[in-house]
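The structure under discussion appears below in the form of structure tokens.
Being a predicted model, the structure only gives us computed values, none of them experimental. Order of the sequence lines fixes the chain letters, A, B, ..., with proteins taken first and strands second; residue numbering starts at 1 for each chain.
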Amino acid sequence: MAEKITPQSEDFSRWYVDVVRHAGLADYSAVRGCMVIKPYGFAIWENIRDQLDKMIKETGHQNAYFPLFIPVSFFSKEAQHVEGFAKEAAVVTHYRLRLNPETRQIEPDPEAEQTEPLIVRPTSETIIWNTFKDWIHSWRDLPLKINQWANVVRWEMRPRLFLRTAEFLWQEGHTAHATAEEAMEEARLMWQVYETLMRDYLAIAPYKGTKTPGERFAGAEETFTLEALMKDRKALQMGTSHFLGQNFAKAFDVTFTNRRGEREYVWATSWGVSTRLIGALIMSHGDDRGLKIPPRIAPIQVVIIPIFKSGADEQKVLETARNITDQLRRAGIRVLLDDDNTKRPGWKFNEYELKGVPVRIALGPRDVENNVVEVARRDTLEKTQFPIDGLVNRISHLLEQLQQSMLEENKRWHKENTIPVATIDELKEVIEQKKGFALAFWSGTTEDEERLQEETGATIRCILPDDSEEGTCIVTGQKTRQKVLIAMAY
RNA sequence: CGGGGCGUAGCGCAGUCCGGUUAGCGCGCCUGCCUUGGGAGCAGGAGGUCCCCGGUUCAAAUCCGGGCGCCCCGACCA
């Protein structure tokens, strides 16, 4: 009776850590704020990554790789940008160690100090724009659409597995365009790509909106965001796509000659999602038994658990199990036959539920006799019997059905926990009682926003694109068409 | 970066206040038997710089001083 996880209702943070660790996704490491992503967790990331990579390439982008280290001088060129990241930058000041003859300690060699310190990239805009300067000269070089898969470092003061760690994995897209319109279109397109990834693969239906000036990416003129509500009713920013205007082009002097022979600054975008998506996945779908992974990104889609008493039945049951495994595998289903004889079936049932495997097939002597298997789905925990004849088709359909119903469940969750509010008092009630997203009309200033956060702890997660109706702003009392979502956030 | 807590076997902890046999317990691990339709049972076994450095003492996991590390709660962030 080991591996017990804390119920969500008792302590959601502990539930989260218990699930991450017991399901074998990740562990704390010897380095403060850094985690080890374990094989099962990394397999989820690989599935997300492979899918997104395909989508990035289908929309005309190419992968490339830029340095981990960035000279401080590059970094300081865009004022907003430095301000945004300086507080959490890791700095490389030496390029050699030595053994101190007196203390017998290994220490940075004072003789080997960098003439110019390097920072470890918190994001790559600066090194990339410094490079784009050399790549872009003519309108014929545009658009330039580059993506990189990389690790980045942001020295977080309060780390949390997958959600905030000092080092994390992500993809960052960086593009250059001849016109503002085209760059804006690009930023919106990738926003859409992210939404597709989240809905169709992660089975999460986040809100799409834009960030207020105060919440925007450092250096952006517009930030498009995807905001989802976790099961503790706190909001999580799942991904962002930025229209950067000409800020980086001006900072790095990136110009092109247009068709009329005039020099112009290029227009830029950047966009990224990270291993944080795994955190979103865990907290969007998980329950007290552990993870629920949607089939399209599940490392194991189907687990087969044979049940038998040693001896007579063993051969028959295993043979049938292997046969089914082969059939499913040939149909392209990621299937695991767990014939480990040192673990008992009950233990395995719990283990694979904890790991969020969407479908479990159990078969024992009785089933083999009757030519059926027991099929259990992880999302609803329903058990049914399927005949072995035509099993592959039924399982394929079940996986697809499970994928859809997880998405529907998540849509319902968002709908149920989005509460319209007309006054500050109503807003406070929603926040204090942890009801989720408060939906409000808003025409306040950045100062109003800051005061809101001080008073309630909540922030404006995004401005919704819908401006179809007019209402009264909850802080200014003015008429406005702008609606925002307000929530406590990660 | 502020506040709190914790460092004792792979993991979770007791023992520390009030110094004194061979430092315990649960889980896990190893061997064997037995079991297998929802985290089995029995028997035997291995496993410890008690976070580090210094001090007090006949004697330190325990008392004193200093250091290090990590976790949790708040402000900042993907």
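The partner of B:rG44, taking Watson-Crick or G-U wobble pairs whose two distances both stay under 3.5 Å, is B:rC30. In a base pair of the Watson-Crick type (N1 to N3 plus N6-O4 or O6-N4) or a G-U wobble (N1-O2 and O6-N3), with each distance short of 3.5 Å, B:rG19 is matched with no nucleotide. Here B:rU57 sits opposite no nucleotide as a Watson-Crick or G-U wobble pair (both hydrogen-bonding atom distances under 3.5 Å). When both pairing distances are held under 3.5 Å, B:rG74 makes a Watson-Crick or G-U pair with B:rC1. Of the nucleotides present, B:rC13 is the one that pairs with B:rG24 by Watson-Crick or G-U wobble criteria, both distances under 3.5 Å. Nucleotide B:rC68 forms a Watson-Crick or G-U wobble pair with B:rG7, both donor-acceptor distances falling under 3.5 Å. When Watson-Crick and G-U wobble pairs are counted only if both distances are under 3.5 Å, B:rU62 pairs with no nucleotide at all.
Listed nucleotides B:rG37, B:rC76, B:rC73 differ in distance to A:S13; the shortest reach to its side chain belongs to B:rC73. Nearest to the side chain of A:E351, among B:rG38, B:rG39, B:rG37, sits B:rG39. Proximity note for A:E374 (side chain, C-beta onward) versus B:rC77, B:rG37, B:rC71: the nearest is B:rG37. For A:K87, the side-chain atoms get nearest to B:rC76 when compared with the rest of B:rA78, B:rC76, B:rU36. Distances from the side chain of A:T165 to the nucleotides B:rU36, B:rA78, B:rC73 place B:rA78 closest.
Distance CE (A:M238) to C1' (B:rC77): 17 Å, rounded to an integer number of Å. Between the CD atom of A:E455 and the C1' atom of B:rG74 there is a distance of 18 Å, given to the nearest Å. Atom CD1 of A:I361 is separated from atom P of B:rG38 by 18 Å (rounded to the nearest Å). Counting to the nearest Å, the P atom of B:rA78 and the CH2 atom of A:W170 are 9 Å from each other. Here the P atom of nucleotide B:rC73 and the OH atom of A:Y16 are 13 Å apart, to the nearest Å. Atom pair A:L318:CG and B:rG37:C1' shows a separation of 15 Å (rounding to whole Å applied). The CH2 atom of A:W347 sits 15 Å away from the P atom of B:rG41 (whole-angstrom rounding). A straight line from CZ of A:R21 to P of B:rG10 spans 15 Å, rounded to a whole angstrom.
A:K38 and A:D27 are joined by a salt bridge, as a carboxylate oxygen and a charged side-chain nitrogen come within less than 4.0 angstrom of each other. Between A:R322 and A:D326, none of the side-chain N atoms (NZ, or NE/NH1/NH2) sits under 4.0 Å from a carboxylate O, so this pair counts as no salt bridge.
One donor-acceptor pair, N or O on each side, does fall under 3.5 Å between the base of B:rG38 and the side chain of A:R360. At a cut-off of 3.5 angstrom, counting only N and O atoms as typed in the model, there is no donor on one side facing an acceptor on the other between the side-chain of A:K348 and the base of B:rG37.
As rounded to the nearest Å, B:rU8 and B:rG69 have C1' atoms that lie 16 Å from one another. B:rG15 and B:rC51 have their P atoms separated by 15 Å, given to the nearest Å. To the nearest whole angstrom, the two P atoms, one in B:rA40 and one in B:rU22, are 39 Å apart. Between B:rC6 and B:rG38, the two P atoms lie 42 Å apart (nearest whole Å). Taking atom P in both B:rC70 and B:rC33, one finds a spacing of 46 Å when rounded to whole Å. A distance of about 12 Å separates the P atoms of B:rU62 and B:rU16, rounded to the whole Å. Taking the P atoms as reference points, B:rC50 lies 25 Å from B:rG5, given to the whole Å. The C1' atoms of B:rG47 and B:rA60 are separated by 24 Å, rounded to the nearest whole Å.
Both A:D11 and A:L163 sit near RNA chain B, but only A:D11 has its closest nucleotide nearer the 5' end. RNA chain B is contacted by both A:S274 and A:K383; A:K383 maps to the nucleotide lying nearer its 5′ end (nearest heavy atom per residue).
A sub-4.0 Å separation between OP1 or OP2 of B:rC76 and a side-chain N or O of A:Q453 is present. Taking 4.0 angstrom as the limit, A:T342 places none of its side-chain polar atoms (N or O) nearer than this to OP1 or OP2 of B:rU36. Contact annotation: A:Y28 side-chain N/O to B:rG69 OP1/OP2 distance is not under 4.0 Å. A close approach under 4.0 Å does occur between a side-chain nitrogen or oxygen of A:R344 and OP1 or OP2 of B:rG37.
The backbone N or O of A:M283 sits nowhere less than 3.5 Å from a side-chain atom of A:K231 that would complete a donor-acceptor pair. Between the side chain of A:T225 and the backbone N or O of A:K211 there is no donor-acceptor pair closer than 3.5 Å.
Taking the six-membered ring where the residue is Trp, the centroids of A:Y194 and A:W191 are separated by 6.0 Å or more.
Note: A:F12 and A:W15 have tilted aromatic rings, judged against thresholds of 30 and 60 degrees for the angle between ring planes. Relative ring orientation between A:H242 and A:F217 is described as parallel, the plane-to-plane angle staying below 30° on a 0-90° scale split at 30° and 60°. Using the six-membered ring where Trp is involved, A:Y207 and A:H414 have ring planes that are perpendicular, over 60° apart on the 30 and 60° scheme.
Residue-level contact check: A:F168 touches the bases, meaning some heavy atom is under 4.0 Å from a base atom. Residue A:E88 is in sugar-phosphate contact alone, with no base atom involved, counting any heavy-atom pair closer than 4.0 Å across all strands shown. Using a 4.0 Å heavy-atom criterion, one finds that A:T459 contacts no nucleic acid atom at all. Residue A:R289 is classed as a base contact, given a heavy-atom separation below 4.0 Å to a base.
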